[in-house]
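Letters A, B, ... mirror the listed sequences (proteins, then strands); counts begin at 1. Just so it is clear, the values below take in all heavy atoms, side chains as well, and ignore hydrogens, waters and symmetry mates.
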There are 2 protein chains.
Amino acid sequence: MKYEPVTIKDIGKALGLSTSTVSRALRGSYEISSDTKKQVLEYAEKVNYRPNPIALSLKERRSSSIGVVVCEIANNFFSQVINGIDSIAYNRGYHVIISQSHESYEREVVNVHHLASRSVDGLLVSLSSETTDMAHFINLHEKGLPIVFFDRVTNEIITHKVIVDNYKAAYEATLHLIKNGYKKIAHITSSPFLSITKERLEGYKDALLENGLAFNEKYVKYCSHGGMIVEEIEGALHNLLKIKQKPDAFVTAGDRITTGSLTAIKNLHLRVPEDIALVGFSNTNIPELLNPTLTTIRLPAFEMGQVATELLISIIESKRPVTSFETRVLQTEFFVRESSVKLQ
Amino acid sequence: MKYEPVTIKDIGKALGLSTSTVSRALRGSYEISSDTKKQVLEYAEKVNYRPNPIALSLKERRSSSIGVVVCEIANNFFSQVINGIDSIAYNRGYHVIISQSHESYEREVVNVHHLASRSVDGLLVSLSSETTDMAHFINLHEKGLPIVFFDRVTNEIITHKVIVDNYKAAYEATLHLIKNGYKKIAHITSSPFLSITKERLEGYKDALLENGLAFNEKYVKYCSHGGMIVEEIEGALHNLLKIKQKPDAFVTAGDRITTGSLTAIKNLHLRVPEDIALVGFSNTNIPELLNPTLTTIRLPAFEMGQVATELLISIIESKRPVTSFETRVLQTEFFVRESSVKLQ
DNA sequence: ATCGTTATCGGGAACGATTGCGTAGAAAAA
DNA sequence: TTTTTCTACGCAATCGTTCCCGATAACGAT
């Protein structure tokens, strides 16, 4: 089954003009008489002519498309980011090609090569939780492929980055729990390789230390698959609850981990916040509908997508090589709800 | 900033061979000596040569990419569908290009043209809630562009479709409420133009009529933006509650409408299911975490994406024009939870 | 009458890869 | 020695578009 669109050549043949003339008429060149222009334009409209972007891509050596690499789409945070990406890219005439790493390093490498060979004009990347080797990015970046990282970034590559103040957000969340009388505060987080994990851990740690509480390694549990596997969350929680000095509150990093933890707690028939309090990084749209309503740190996902895309397009469309890069730090929002407030 | 990949010409120049020889060597043609082959292969490996898929697309008149048109990504159902699409497309060597209509007819038209002109090999479509005119699809479909519809379909175009048994699902949900003693059952649904809306309405209606309950037009409220606007959901609910014969239960169609309704009910300080019961079409991952836990009809979203993609690729890769089409009907799942069960 | 100018348009190369066809050179057959 | 037969490669067209050059005609100026 073949889909055969009208080409510039077809128009030329039908009108007895050369392809060059048709091309110029279509682009409104000054060196084409208005009669011819009108004729061409009308005919093109009539046969519903659309320029073939593949031919254009080949000629212009650009595809007007940008590749996105995230761990998964079916995640509140990332789907909101993609929305932000889409909102900018669409208006600037770029297509968005999305690929999911599913938190797998191998899959990320394959996807990146796939996208690059597909001649995307640039890449928007949030690293997978397994990624430690950046060679696949470095290689392409050195060859001149524009890349912008967001959320889960690396400092091995000098380029634009868009992040949030994870340290502050985690600090704030932990401090909130301390102020509400919790003293044994645990932390269930994502893979230790991720930038966001390290930053959040520091914020959590400093909040404890600066408020006279000890930092206990045993209180920190990592979910190396970023919470994509239910069992790792359950395991983390069970391990925490086995400790003799059982935590009375905890901070979770990431959508999956937050809701996964809440589910696991419910399955254990523990009450929140009476038995254990919870503050989570989450971009769920329905924190108010949960039981209990959930205290969350919300990331400006949509905005992150927008900013990252603007930065990427600015590199792509820059006439001269870009040499100075920035790291945009956006602010998180903190919403206090029931899950973290001890009822007196 | 330019990204300049190695071409077959570069290899030829470096090795003193013509492009044809290099091309053939790369594809292992029998008419190239093994010496030359080895030389080319080794050099290509060394400089990390990747064939330019854009040039290939131009020549082969196919792009190995499929376009997806949904109303929005940041929606449980659609993001799960996209996951299913991606899982198949990836393995079959296709790229997925996603576009969002945001429930706007105009935006849908623009996106479809954008994708078609971008030379996607086929289209996976779920209609926007505003769409009544199918001309933009008919036009392309008649020209031979393979299209498969899923979830929100049209019978104006004869092609493969993947849907669920919406009639049965709505019937079942309504019956469940009736069996639980509810007699004044309302229905908040999406745009009246959508196939899913009509089918669900029929299921709802028949369940009422076949169980000795009257069907009341006033009990049916439409959200023409599919619930994307909070106010339309609130408005629908308020209108329902203003009726003197105030409903004691209702069925909601769609993720947004379901959670939106629950939020609106909470804001009115009504209790669920004591004051009003609720059964909703929803693909949320956390129905158990809601308060109350939510009785849901869940669509096999991932599977829908997979099936639709398989059907589309089968058309794309078919040697001869496809003339016989099928409509795959998948089964929904019904989960009874607290929101619909009257506590005696 | 000759030249320059301007307005309009066409020819053809280029983008990267594939592929049918042609052919040089060597080996094999006559 | 001559002819045939392979082997192993190059040439050029092709996909749709743009754009650098040229080409042509009309027209006014000298």
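At the heavy-atom level, Gly16(A) lies under 4.0 Å from the strands shown only through sugar-phosphate atoms. Backbone-only contact: Thr36(A) has heavy atoms under 4.0 Å from sugar-phosphate atoms and none from a base.
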Run the salt bridge (charged side-chain N to carboxylate O under 4.0 Å, His left out) check on Arg328(B) and Glu303(B) step by step: do they pass? CA-CA 11 Å; Arg328(B) 217 60 93 69; Glu303(B) 191 189 351; over 6 Å; no
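Checked against His160(A) for a ring pair (Phe, Tyr, Trp, His ring centres under 6.0 Å), the options Phe150(A), Phe325(A), Phe149(A) give a single hit: Phe325(A).
Side chains of Asn83(A) and Gln100(B): a donor on one and an acceptor on the other come within 3.5 Å.
A straight line from CD of Gln39(A) to P of dT8(C) spans 14 Å, rounded to a whole angstrom. Computed from coordinates, the Lys38(A) NZ to dC9(C) P distance equals 14 Å when rounded to whole Å. As rounded to whole Å, 11 Å separates atom P of dG11(C) from atom CG of Leu17(A). Taking atom NZ on Lys37(A) and atom C1' on dC9(C), their separation rounds to 13 Å, with Å as the unit. dC9(D) atom P lies 8 Å from atom CG of Asp35(B), rounded to whole Å.
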Name the pairs: protein N/O against N/O of nucleotides 14-20 of chain C, kept only if under 3.5 Å.
from    : atom 1 : to       : atom 2 : distance (Å)
dA14(C) : N3     : Lys59(A) : NZ     : 3.3
dC15(C) : OP2    : Lys9(B)  : NZ     : 2.8
dG16(C) : OP1    : Arg61(A) : NH2    : 3.1
dG16(C) : N2     : Ala55(B) : O      : 3.3
dA17(C) : OP1    : Tyr49(B) : OH     : 2.8
dA17(C) : OP1    : Asn52(B) : N      : 3.1
dA17(C) : OP2    : Ile8(B)  : N      : 2.4
dT18(C) : OP1    : Arg27(B) : NE     : 3.2
dT18(C) : OP2    : Ser23(B) : OG     : 2.7
dG20(C) : O6     : Arg24(B) : NH1    : 3.4
dG20(C) : O6     : Arg24(B) : NH2    : 2.9

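From Gln39(B), atom CD reaches atom CD1 of Ile11(B) across 11.0 Å, with rounding to the nearest 0.5 Å.
Note on Ser33(B): every side-chain N or O is 4.0 Å or more away from OP1 and OP2 of dT7(D).
Using cut-offs of 30° and 60° for the angle between ring planes, the Tyr105(A) and His136(A) rings count as perpendicular. Using a 30° and 60° split on the angle between ring planes, Tyr90(A) and His114(B) fall in the perpendicular class, above 60°.
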